[in-house]
Amino acid sequence: MRLGRTLTRRFFARDVTVVAPDLIGRVLVSTTEQGPVAVRLTEVEAYAGPLDPASHAYRRTARSEIMYGRAGHLYVYFVYGMHWCANLVTGPDGTASAVLLRAGEVVDGLPLAWARRPGARRERDLARGPAGLAAVLGLTGPDTGLDVCDPAGRLLVRAGDGHPVTVAAGPRVGVSTAADVPWRFVETGNPTVSAYRRGTRATRGSVGTVG
DNA sequence: CGTCCGATACACT
DNA sequence: GTGTATCGGACGC
């Protein structure tokens, strides 16, 4: 597929609720010594910094400090004792907001993607769910701080092929607070979108259409 | 398809 | 000490 231009810091510096749906259909390109892997995004979530109880930046700590920095930087965190999840810092400087990269379809580097996901059964599962997506791209904790706006960096975000994308919004997955806000954005009907799982204290919300 | 549940280690209180 | 922005397997429909 056509990858399009590399997205600039200006793209990421907009409000997180604008950036998040605009990331659907964009292509993440990871390049390591092992080779390239490219993933077209189909599912993301917005986390709105200190105003958002579900955000790691709700409190300013050592871990969340990266989110208080410039847009366009990577934040990778460790959860449940075994998984890594990747975020892109967005918004004007200091807003500490970020977009969690939840799912996508592998569009280049399939053999390497399979090697990084030995347990996967089907191709559509390779980057389905935030932990699988981070694994396919080879992203772990030490990658926190990567600047995706540096053309020489190991992770870039490209505009994609320009085909129109239908985006739906609904409640975020797995969060136990602020479960009512519709800040999960998915490509309608795409099979790589992960299953909805409500948080322990969350109640299910409705799904509407955006864009 | 859906629900239930354990694994596992770290950040934070 | 407590809770977690998850996953995959087991099971039932």
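Proteins come first, then strands; the chains are lettered A, B, ... in the order of their sequence lines, and each starts at number 1. Every heavy atom of this structure was used, including side-chain atoms; hydrogens, water molecules and symmetry mates were not.
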To the nearest Å, how far apart are [X] [atom1] and [N] [atom2]?
X: Glu43(A); N: dC7(C); atom1: CD; atom2: C1'; result: 14 Å
X: Arg198(A); N: dC4(B); atom1: CZ; atom2: C1'; result: 12 Å
X: Leu126(A); N: dT6(C); atom1: CG; atom2: P; result: 19 Å
X: Leu100(A); N: dC7(C); atom1: CG; atom2: C1'; result: 14 Å
X: Arg122(A); N: dC7(C); atom1: CZ; atom2: P; result: 16 Å

Note to self: Would Arg172(A) and Phe185(A) count as a cation-pi pair here, with the cationic atom under 6.0 angstrom from the ring centre and within 45° of the axis?
What the structure shows: no

Check: Stem ranges for DNA chain C, with three or more consecutive Watson-Crick or G-U pairs under 3.5 Å?
Finding: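 Correct response: B:1-7 with C:6-12, B:9-12 with C:1-4.
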
Next item on the list: State yes or no: are the ring centers of His56(A) and Tyr77(A) separated by less than 6.0 Å?
Entry: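 Aromatic pair counts; centres sit under 6.0 Å.
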
Salt bridge [X]-[Y], side-chain N to carboxylate O under 4.0 Å:
X: Arg14(A); Y: Asp22(A); answer: yes
X: Glu43(A); Y: Arg128(A); answer: no
X: Arg9(A); Y: Asp147(A); answer: yes

Item checked: Backbone of Pro36(A) reached by a side-chain donor or acceptor of Thr31(A) within 3.5 Å ->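 Looks like no, no N/O pair under 3.5 Å.
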
Notebook entry, point to check: Do side-chain atoms of Ser30(A) reach the backbone of Leu137(A) as a donor and acceptor pair under 3.5 angstrom?
Noted result: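 Yes; judged by distance alone, with no hydrogens or angles, the pair exists.
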
Next item on the list: Count the heavy atoms of every other residue, nucleotide or ligand shown that sit under 6.0 Å from CZ of Phe78(A), and state whether that count exceeds 12.
Entry: yes

Note to self: For dT3(B) and Arg197(A) - does any side-chain N or O of the residue sit under 4.0 Å from the phosphate oxygens OP1/OP2?
What the structure shows: no

Assign [X] to base, sugar-phosphate, or nothing according to its heavy-atom contacts below 4.0 angstrom with the strands shown.
X: Gly132(A); value: sugar-phosphate
X: Ala54(A); value: base
X: Arg184(A); value: nothing

Check: Any side-chain heavy atom of Val106(A) sitting closer than 4.5 Å to one from Glu123(A)?
Finding: no

Notebook entry, point to check: Is there a donor N/O on one and an acceptor N/O on the other, under 3.5 Å, for the side chain of His56(A) and the base of dA11(B)?
Noted result: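 Result: no qualifying N/O pair found.
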
Checklist line | Residues from residues 57-96 of chain A lying under 4.0 Å of DNA chain B - heavy atoms | finding: Arg59(A), Thr61(A), Arg63(A), Phe78(A), Tyr80(A), Gly81(A), Met82(A)

